[in-house]
Amino acid sequence: MVKVTLKDGSVREYQAGISIGEIAEDISKGLARNALVGKLNNSVVDLAYKVEEDGALEILTFEDVEAKNAFRHTSSHILAQAVQRLFPGTKLGIGPAIADGFYYDFDSEHTFTPDDLAKIEKEMENIVKEDLPLERQEISREEAIKLFEDKGEKYKVELIQDLPEDTPITLYKQGDFVDLCAGPHVSSTGKIKAFKLLSLAGAYWRGSEKNKMLQRIYGTSFAKKAELDEYLFRIEEAKKRDHRKLGQELKLFAIMDEGPGFPFFFPKGMVIRNELENYWRELHRKWGYQEVKTPIILTRQLWERSGHWYHYKENMYTTVIDEEDFAIKPMNCPGAMLIYNSDLHSYRDFPIRMGELGLVHRHELSGALHGLMRVRSFTQDDAHIFMLPSQITSEVKGVIDLVDTIYRLFGFQYHVELSTKPEKAMGSDEMWEIATQALEQALKEKGMSYKINPGDGAFYGPKIDFHLRDSIGRTWQCGTIQLDFQLPEKFDLTYVGEDGQKHRPVMVHRTAFGSIERFIGILTEHYAGAFPTWLAPVQVKVLPITERHAPYAKKLADDLFKANVRVELDDRNEKIGYKIREAQLEKVPYMLVVGDKEMGNNTVAVRKRGQGDQGTVDYETFKKDLIQEIATKV
RNA sequence: GCUGGUGUAGCUCAGCGGCAGAGCAGCUGAUUCGUAAUCAGCAGGUCGCGGGUUCAAAUCCCGCCAUCAGCUCCA
């Protein structure tokens, strides 16, 4: 007999060798129906797994992330089976579950088209109907290699050969289809009730551009049809928030064929940008920063000295002036070094916090460009902080607080990553070690949870990155804190210490928004274009009901304009419903509808974005509240 | 950069070898109206760019550019 402890603490006894599926059956019919995999002593296993010893058991359903992954992993096997049925000779790459679904990589002479996806889905439906059980089988390395060699599955053979010696090799079999797979899987193809293939894409074998590009098919699957439909609906909704679409609809910004990766800001987008910059300046003044501006084009010698010419050249635009080589700055730091060195510094001056809204240009791969999120010219809200080594932790903590202040104002969820020394790096290992420790120390003292990104640091130092999400869940690096022991050396930065001797200061590069452009992209998606009043390009629209009310409407609009409110008057000869509809589509926060009633007693009928008609209020009261709302950035 | 898709009016899209189309937006006129679209008329095009095939190309073929998805990259 074996004793099984369930999640609720109850203990049940069974014949040794009972399967987890049978235990689920014993617990309840409903659970057995929804059970996908089991979790025995913290490892996830198939329902067919036979329990031979006492242990803690959980029966997992689609609600559990491990079960969801197994479910989608099985879905990817069904996809592979369907593809091999329809396109014999197709070789298999890998086919894992991912955050919102699954994919499988194929090497096929046939190039898959979107039309093929429908055919493949049909065949997948057949496989689901066939209700094929998935059978797990453990075999020796030699047998496995022989099996896949005979099938011509060269990628699988490569995978097996690269597995550590002591790893058991398992196969999963469903009908005539066999795949190398660690599992676990759901018990039968019939469990996959709702799935959809979503897209096609190229993907390099094992993620290296040196390898062959395979064809990847993405899909998703759910336990219930309704959940799938809801997911697809959510994706459609999220696409409506895409900043590229909203940027065009709301006339905020655009990227044109004439300037790939070089964004244009229209008057309305410029309002948002200027408001953000005003806020930035106000905040940085309070936090003890000074502001500088450094040139966009600087000599080749400078970039050679900073190391960019050797480590960053493929991303830099260059030009020739009077037969001399120049480069357009991809970063602001060398300019800041020159400013630092234009004067003598005392330890008493530290920390020196030198901010710059600096326009940088970087040559990004054409395929990497993405609206405002990934561009070739952008404005970093940069700052360089010069300090004593003893000030590192407190300065880094200060920047963490500053970034958090900004993100909290917008209600962003973010996560933090610590990136360590990359392969192509300047400086010694010890330098890197000290710098990385200093950053980690600050994170620990702030009690922040963070993810470590090995080898993802900048070439000159380790960094802390702040990542924000876009409308469809992709994350983008925005704020960053980078410790740099290289540039102070290269530019021979010094300060005079207490002892009257010259010493080397420590420097941190940091951004909060990251890039103003990217930040505006994220903001646009975050608010779905309905910006808070302080950022809204147009804050109030005054809508007279007929021409008769236009003079009163104009008086209000003029008064608001004088109070620095961004106001527009819509005195076109249109019905009120039409004007409201337009203002609503423009996502203007406040509409003031004025007719005979309002004109008589100096009131306005307020319509608030998202909340509809708020009734009639005294104009002066409205104005006072509005100005208060703008000032407090709510 | 790589793989695949897409590019037609300001916007959204139809047309896919035989006269360049629709809706919205724009302009003109009428309508003077109370909370998401009043009616009528007019105008609007190097069909991404270049080459080729054809009696004839938006449509087929080749090259390039841009863009979308993913991969790679991401300071």
Side-chain angles (χ1 to χ4, degrees), chain A residues 98 103 105 111-117 198-218 239 242 244-245 248-249 251 254-261 306-308 311-316 329-333 360 362-371 373-374 380 419 422 424-425 453 456-461 463 465 472 474 476-477 480 482 484 509 511 514-515 518 543-550 572-586 591-598 605-609 612-616:
Chain A
I98 49 174
Y103 68 78
D105 286 344
T111 302
F112 298 118
T113 65
D115 288 341
D116 292 330
L117 293 188
L198 298 171
S199 62
L200 280 164
Y204 299 110
W205 167 239
R206 303 194 125 185
S208 167
E209 61 190 321
K210 295 188 186 81
N211 292 335
K212 183 168 184 183
M213 182 164 272
L214 308 180
Q215 300 184 69
R216 178 171 297 178
I217 299 180
Y218 283 91
K239 281 187 191 154
D242 189 312
R244 292 166 298 187
K245 189 176 159 67
Q248 185 188 58
E249 284 171 2
K251 298 182 169 54
I255 294 177
M256 313 200 194
D257 283 7
E258 291 80 355
S306 69
H308 288 84
H311 287 90
Y312 206 64
K313 193 161 185 294
E314 59 281 14
N315 286 290
M316 288 162 69
K329 68 176 176 183
M331 297 183 198
N332 303 302
C333 26
V360 298
R362 300 178 182 181
H363 182 73
E364 298 293 343
L365 293 178
S366 59
L369 300 179
H370 183 91
M373 304 298 200
R374 191 64 166 263
Q380 287 185 307
S419 298
K424 205 175 144 190
N453 255 341
D456 221 23
F459 66 80
Y460 47 78
K463 55 179 189 161
D465 292 328
I472 60 170
R474 292 180 287 211
W476 298 91
Q477 182 197 314
T480 181
Q482 310 182 350
D484 189 339
H509 314 248
T511 63
S515 122
R518 178 179 286 181
L543 312 178
I545 301 223
T546 74
E547 269 172 25
R548 195 167 70 249
H549 312 111
R572 292 173 305 170
N573 184 7
E574 292 291 349
K575 287 166 70 172
I576 195 66
Y578 183 83
K579 295 183 188 181
I580 285 169
R581 177 183 155 80
E582 272 198 3
Q584 194 81 27
L585 291 174
E586 287 166 26
M591 290 171 235
L592 303 182
V593 177
V594 293
D596 288 331
K597 278 184 277 179
E598 291 74 20
V606 177
R607 190 184 163 99
K608 194 169 180 182
R609 179 184 64 199
D613 193 350
Q614 306 287 293
T616 303

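In the text below, chain A, chain B and the rest are named by the order of the sequence lines, each starting its count at 1.
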Categorize [X] for me: base, sugar-phosphate, or nothing, with a 4.0 angstrom heavy-atom threshold over every strand shown.
X: A/Phe112; value: nothing
X: A/Arg607; value: base
X: A/Thr111; value: sugar-phosphate
X: A/Leu543; value: nothing
X: A/Ile576; value: sugar-phosphate

On a whole-Å scale, what distance lies between the [atom1] atoms belonging to [N] and [M]?
N: B/U59; M: B/U53; atom1: P; value: 15 Å
N: B/A66; M: B/G48; atom1: C1'; value: 7 Å
N: B/U6; M: B/C62; atom1: P; value: 14 Å
N: B/C39; M: B/G23; atom1: P; value: 13 Å
N: B/U54; M: B/U72; atom1: P; value: 45 Å
N: B/G4; M: B/C42; atom1: P; value: 47 Å
N: B/G10; M: B/U46; atom1: P; value: 8 Å
N: B/U28; M: B/G21; atom1: C1'; value: 23 Å

Test salt bridge (charged side-chain N to carboxylate O under 4.0 Å, His left out) on A/Arg609 and A/Glu586; report intermediate values, then the result. CA-CA 10 Å; A/Arg609 179 184 64 199; A/Glu586 287 166 26; over 6 Å; no
Shortest non-hydrogen contact from [X] toward [Y]:
X: A/Asp613; Y: A/Arg607; result: N-CG, 4.0 Å
X: A/Pro422; Y: A/Gly457; result: CG-O, 3.4 Å
X: A/Ile255; Y: A/Gly371; result: CD1-O, 3.1 Å

So, do A/His509 and A/Tyr460 have ring centers that fall under 6.0 Å from each other?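 Yes, the ring of A/His509 comes within the 6.0 Å limit of the ring of A/Tyr460, centre to centre.
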Could you tell me whether the side chain of A/Arg518 and the main chain of A/Met373 form a donor-acceptor pair under 3.5 Å?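 Yes, the answer is positive, given that a donor and an acceptor are paired below the 3.5 Å cut-off.
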May I ask you to decide if A/Thr480's main-chain N or O and A/Gln482's side chain share a donor-acceptor pair within less than 3.5 Å?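 It does not hold such a pair.
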If we only count heavy atoms from C-beta on, is the [X] to [Y] side-chain gap below 4.5 Å?
X: A/Met316; Y: A/His308; answer: yes
X: A/Tyr103; Y: A/Ile217; answer: no
X: A/Gln215; Y: A/Asp105; answer: no

Identify the nucleotide, in any strand shown, that forms a Watson-Crick or G-U wobble pair with [N], with both distances under 3.5 Å; if there is none, say none.
N: B/C2; value: B/G70
N: B/G7; value: B/C65
N: B/C27; value: B/G41
N: B/U53; value: none
N: B/U46; value: none
N: B/A22; value: B/U12

Spacing between [X] atom [atom1] and [N] atom [atom2], to the nearest angstrom:
X: A/Lys463; N: B/C74; atom1: NZ; atom2: P; result: 9 Å
X: A/Tyr218; N: B/G4; atom1: OH; atom2: P; result: 16 Å
X: A/Lys245; N: B/G10; atom1: NZ; atom2: P; result: 18 Å
X: A/Leu200; N: B/G4; atom1: CG; atom2: P; result: 11 Å
X: A/His363; N: B/C74; atom1: NE2; atom2: P; result: 14 Å
X: A/Arg581; N: B/A25; atom1: CZ; atom2: P; result: 8 Å
X: A/Asn315; N: B/C73; atom1: CG; atom2: C1'; result: 9 Å
X: A/His370; N: B/G1; atom1: NE2; atom2: P; result: 18 Å

Contacts under 3.5 Å, N or O only, protein and nucleotides 59-67 of chain B:
| residue | atom | partner | partner atom | Å |
| --- | --- | --- | --- | --- |
| B/A66 | O2' | A/Asp257 | OD1 | 2.4 |

Do A/Arg206 and A/Tyr204 get their side chains close enough for a donor-acceptor pair, meaning under 3.5 Å?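 There is no such pair (donor and acceptor under 3.5 Å, judged by atom type) between the side chains of A/Arg206 and A/Tyr204.
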Quick one about A/Asn332 and A/Gln380 (side-chain donor to acceptor, distance below 3.5 Å, no hydrogens or angles considered), yes or no?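 A donor-acceptor contact under 3.5 Å links the two side chains.
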Is the closest basic N to carboxylate O distance between A/Glu574 and A/Arg581 below 4.0 Å?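 A salt bridge is absent here (no side-chain N lies under 4.0 Å from a carboxylate O).
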Strictly under 3.5 Å: I want the nitrogen or oxygen pairs between protein and nucleotides 38-46 of chain B, one per line.
none

Any N/O donor-acceptor pair, A/Glu598 side-chain to B/G34 base, under 3.5 Å: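 Side chain to base: pair present.
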Look at the side chain of A/Tyr204 and the base of B/G70, then say whether one donor and one acceptor between them are separated by less than 3.5 Å.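 No such pair is found, so the answer is no.
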Minimum-distance nucleotide (side-chain atoms of [X] versus [options]):
X: A/Asp596; options: B/A69, B/G26, B/G34; result: B/G34
X: A/Arg374; options: B/U35, B/G34, B/C74; result: B/C74
X: A/Ala605; options: B/C73, B/C33, B/U35; result: B/U35
X: A/Gln584; options: B/A36, B/U32, B/U35; result: B/A36

side-chain N/O A/Gln215 vs B/C71 OP1/OP2, d < 4.0 Å: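 No.
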Using heavy-atom distances to pick each residue's nearest nucleotide on RNA chain B, tell me which of A/Asp465 and A/Gly207 is more 5'.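 Going by which nucleotide is closer to the 5' end, it is A/Gly207.
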Find which nucleotide of RNA chain B each of A/Ser208 and A/Val606 is nearest to by heavy atoms, and output the residue with the more 5' nucleotide.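 It is A/Val606 whose nearest nucleotide is closer to the 5' end.
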